[in-house]
Protein chains: 2
Amino acid sequence: MANRPKLSTVAAAAGVSTATVSQVLRGTGRISAQTRDRVLAAARQVNYLPDGRAAALRSGENREIGLVLHHLANPFNAEVVSGVSDRLERAGHLVSVLDSRDDAEREGRNLRALIASMRGGLIWVPASGTDPATLDLLVAQRLPVVTFLHRVAERFDHVGLRNAAALGRAVDHLVELGHRRIAFLGGTTPRAPRAERIAGYASALAAHGLGAPQVFPCEDSKPGGLSAMLKLRETHPEVTAVVCNGDMVALGACLGLGRRAETPGREVSVIGFDDVADAALATPALTTLSIAPYSLGQHLAERLLARLSDRAAAPVHQELDASLILRDTTAPPLPR
Amino acid sequence: MANRPKLSTVAAAAGVSTATVSQVLRGTGRISAQTRDRVLAAARQVNYLPDGRAAALRSGENREIGLVLHHLANPFNAEVVSGVSDRLERAGHLVSVLDSRDDAEREGRNLRALIASMRGGLIWVPASGTDPATLDLLVAQRLPVVTFLHRVAERFDHVGLRNAAALGRAVDHLVELGHRRIAFLGGTTPRAPRAERIAGYASALAAHGLGAPQVFPCEDSKPGGLSAMLKLRETHPEVTAVVCNGDMVALGACLGLGRRAETPGREVSVIGFDDVADAALATPALTTLSIAPYSLGQHLAERLLARLSDRAAAPVHQELDASLILRDTTAPPLPR
DNA sequence: CGGCCAAGGTATAACGTTGTATCTGATGTC
DNA sequence: GACATCAGATACAACGTTATACCTTGGCCG
């Protein structure tokens with residue numbers, strides 16, 4: 001029951017010094033072809049794999065990137081993850097994902113642990129209510145950080161969405177179709193993206209001279225959207241269209257209509273946000289605000305790579321547009 | 001622009017030695033209350049956070065667990081992840097997730113990187129076609145490993161499913177309802193779980209004296225299931241029921257029926273496998289073989305914890321049952 | 001008042017790697 | 001044959017921690 005093979009194990013097996021082994025494995029220094037072959041053979045034979053933390057400690061390099069999400073279960077995020085990892089892996093990095101599941105305390109633990117294990121960089125979708133002490137900690141470690149969706153600090157790079165404008169487009173579309181009673185569905189926390197979306201929704205209503213905004217909070221998930229829609233139909237039958245805080249809520253709302261033997265795009269028009277894969281697949285297919293999660297993930301990765309290669313540059317803040325994808329859940333309201 | 005604070009930064013700030021700081025932070029040794037307070041204050045003031053890799057290197061401890069999945073985008077896996085992390089976090093570990101997206105090469109990279117960064121343990125859902133060299137490496141590092149679903153080596157702990165028996169139950173149910181032409185839908189690779197499921201399906205058919213098995217491979221996703229079902233209805237209209245390699249395929253198949261203005265549980269009965277959250281939510285709700293992903297995740301975590309506390313014990317192999325959950329996509333076949 | 005002890009702190013050697021400075025022969029040159 | 005040259009290898013220090021052995025100092029007892 002030998003122990004984990006280390007550099008000295010390989011050195012002994014090949015009959016050279018540890019320095020030589022290190023040089024061979026890293027391809028540095030001047031080593032003759034035959035010793036190199038001997039060393040490589042020995043390394044393979046004992047199944048050697050370097051201890052990355054010792055190597056990183058000594059060399060100061062770190063090719064591991066942390067990706068902290070507020071909610072991994074949402075397929076939108078899963079697609080973002082794919083984009084991020086594809087791009088970063090292509091650049092020779094390794095991405096590991098931590099899910100804080102919208103719990104600030106868990107998020108704090110995750111972030112602290114990431115810093116402790118000295119990841120080389122961080123892509124972060126902050127949960128609501130991030131602890132400011134954690135933020136200070138993060139800043140003090142001078143870790144390259146890109147936040148996404150929810151901006152928490154000026155000095156981190158950030159990629160956000162033009163939420164208000166997007167919601168404006170959604171409301172405009174519904175008004176053009178003839179809707180006058182439009183509600184907003186989804187979300188429970190005061191996170192910035194939701195607040196911006198609600199603001200965009202409200203000001204679009206105002207621009208069209210429609211009544212006061214009606215916001216119905218619910219959990220950002222299918223069950224959340226489902227029960228919110230059921231309740232909405234009971235209590236506010238005059239509402240003929242809803243815009244949602246996310247596709248999960250929107251798809252849930254569509255399911256809710258189905259439960260009542262109603263059809264999205266008939267009794268109630270529904271617009272989502274995210275354009276998850278299921279949006280196009282659902283029947284009826286979901287009209288939604290698209291932000292192309294996969295390429296968005298790649299974009300995030302690019303930002304982090306840029307930051308890694310120039311750590312002194314000023315923080316970059318970007319805002320992306322979401323475009324309205326017309327599908328089958330929006331149509332003129334039924335005549336009364 | 002100071003650098004990352006380290007032990008010596010804190011020591012200087014508090015006017016003590018690094019050894020003292022370390023002892024205070026770890027709560028070991030004999031330190032007076034007042035120096036302790038001074039050190040803690042200094043640590044907070046400079047936003048100190050220990051370099052985990054140096055600490056781990058020195059102490060040999062490692063509380064980080066790697067979770068390597070073959071396919072994170074599948075919500076079933078996302079739910080397993082939740083269960084795993086909840087349990088392991090409760091035990092003071094940190095879980096980071098790597099997605100190999102069914103690519104053996106990517107999986108190999110992920111595993112090597114995990115070993116290199118010296119995770120304390122590994123929970124692994126192997127992709128198909130894992131490189132045997134990678135396996136050797138894994139074994140040589142004497143890393144505690146629990147595999148799930150797909151067993152790749154005798155010497156790792158393993159949690160699997162009684163796939164064949166489960167499929168037997170599904171076929172029995174369909175036969176009881178009166179179906180005679182039952183197809184198997186889903187999967188493309190020769191991974192063990194699928195092979196076992198097909199075997200269980202085939203032998204159940206045989207036990208009932210029904211015809212030869214009909215297996216229709218497709219990608220394990222909603223689009224995969226959708227197009228497979230469309231094709232099946234074209235080419236094999238005599239089939240009145242399908243059992244699927246997973247809920248994603250099954251839900252996709254249901255969508256496919258919807259596209260043809262047909263209804264799951266009428267023209268064709270459908271049974272899934274996994275019981276993802278969407279299965280109960282879909283309309284009609286999906287009959288499926290349930291393995292309760294969240295508690296399964298917790299179970300995997302328990303196994304790993306047991307292994308961590310006794311690394312010498314013989315490998316444990318477990319097999320769990322999947323129970324048939326009757327919902328609305330199964331019913332007697334339509335009379336001809 | 002010498003000696004002993006405990007409390008409180010520090011010096012130092014690891015952990016496994018890498019980078020640099022250094023050593024050792026062999027070869028070539030005049 | 002003396003000396004520079006250079007390829008090829010090695011010794012050694014360092015990375016930021018932690019564990020251990022070791023120092024101080026003051027108090028107390030005989």
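Because the structure is predicted, anything quoted here is derived from the model rather than measured. We name chains A, B, ... by the order of the sequence lines, and we start the count at 1 in each one.
- Between A:Arg101 and B:Asp86, at least one side-chain nitrogen of the basic residue sits less than 4.0 Å from a carboxylate oxygen of the acidic one, meeting the salt-bridge criterion.
- A donor-acceptor pair shorter than 3.5 Å cannot be found between the side chains of B:His70 and B:Ser100.
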List, with names and distances, any nitrogen or oxygen atoms from the protein found under 3.5 Å away from nitrogen or oxygen atoms belonging to nucleotides 12-14 of chain D.
residue: D:dA14; atom: N3; partner: A:Arg58; partner atom: NH1; Å: 3.2

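- One can place CZ of B:Arg36 at 13 Å from C1' of C:dG8, the figure rounded to the nearest angstrom.
- Distance alone, capped at 3.5 Å, is enough to place a donor-acceptor pair between the B:Ser59 side chain and the B:Glu61 backbone.
- Residue A:Asp37 contributes atom CG, which lies 11 Å from atom P of D:dA9 at whole-angstrom precision.
- Listed nucleotides: D:dT18, D:dT10, C:dG16. Nearest to the side chain of A:Thr20: D:dT10.
- In this structure, B:Thr28 reaches neither bases nor backbone, as no heavy-atom distance under 4.0 Å exists between it and the strands shown.
- Looking at the side chain of A:Ser32, the nearest of the listed nucleotides D:dG8, D:dG16, C:dT17 is D:dG8.
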side-chain contact (heavy atoms from CB on, under 4.5 Å) assessment of A:Leu161 paired with A:Leu149: CA-CA 7 Å; A:Leu161 301 175; A:Leu149 284 185; 3.6 Å; yes
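- Remark: B:Gln45 CD is loosely packed, at most 12 non-hydrogen atoms of other residues, nucleotides or ligands lying under 6.0 Å away.
- No hydrogens or angles considered: a donor-acceptor pair under 3.5 Å links the side chains of A:His299 and A:Gln318.
- Using a 4.0 Å heavy-atom criterion, one finds that A:Ile31 contacts the sugar-phosphate atoms exclusively.
- One atom, CD of B:Gln141, and another, P of C:dG16, lie 13 Å apart when rounded to the nearest Å.
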Stepwise side-chain contact (heavy atoms from CB on, under 4.5 Å) test for B:Asp157 and B:Thr147: CA-CA 6 Å; B:Asp157 289 331; B:Thr147 55; over 6 Å; no
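- Between the side chain of A:Asn47 and the backbone N or O of B:Ala140, no donor-acceptor pair lies under 3.5 Å.
- Proximity of residues 43-51 of chain B to DNA chain C (heavy atom under 4.0 angstrom from any strand atom) is not detected for any residue.
- Under the salt bridge (charged side-chain N to carboxylate O under 4.0 Å, His left out) criterion, B:Asp220 pairs with no residue at all, not counting sequence neighbours.
- No engagement by A:Arg53 is indicated, since no non-hydrogen atom pair under 4.0 Å with the nucleic acid exists.
- Within 4.0 Å (heavy atoms only), B:Ser8 reaches no atom of the nucleic acid at all.
- If one axis is set at each end of the helix from C:dC1-D:dG30 to C:dC30-D:dG1 from five pairs, those axes are 70° apart, to 10°.
- Checking A:Gly15 against B:Ser59, the closest nucleotide of DNA chain D that is more toward the 5' end is the one next to A:Gly15.
- In this structure, B:Asn62 atom CG and C:dC15 atom C1' are separated by 13 Å, rounded to whole Å.
- Here the closest non-hydrogen pair linking A:Gln298 and A:Arg87 is O-CG, 4.0 Å.
- Remark: side-chain polar atoms of A:Arg311 are paired, donor with acceptor, to backbone N or O of A:Arg142 under 3.5 angstrom.
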Please report, to 0.1 Å, the donor-acceptor pairs under 3.5 Å made by any side chain of residues 18-30 of chain A, with sequence neighbours excluded.
residue: A:Thr20; atom: OG1; partner: A:Ser17; partner atom: OG; Å: 3.0

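- The CZ-P distance, from A:Arg4 to C:dC15, rounds to 15 Å in whole Å.
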Each nucleotide N or O in nucleotides 5-7 of chain D that has a protein N or O under 3.5 Å away: list the pair and distance.
none

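- When atom types are taken as modelled, the side chain of B:Ser85 and the backbone of B:Val95 share no donor-acceptor pair closer than 3.5 angstrom.
- For A:Arg26, no side-chain nitrogen or oxygen approaches OP1 or OP2 of C:dT17 to under 4.0 Å.
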Stepwise side-chain contact (heavy atoms from CB on, under 4.5 Å) test for A:Arg53 and A:Leu57: CA-CA 6 Å; A:Arg53 48 190 198 190; A:Leu57 176 60; over 6 Å; no
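- Atom NZ in A:Lys6 sits roughly 3 Å away from atom P in C:dG16 (whole-Å rounding).
- With hydrogens and angles ignored, the 3.5 Å screen pairs no side-chain donor or acceptor of B:Thr130 with any backbone N or O of B:Pro126.
- For the pair B:Gln23 CD and D:dT17 C1', the computed distance is 13 Å after rounding to whole Å.
- Taking atom CD on B:Glu61 and atom C1' on D:dA19, their separation rounds to 13 Å, with Å as the unit.
- Between D:dT17 and B:Ser22, no contact under 4.0 Å exists linking OP1 or OP2 to a side-chain N or O.
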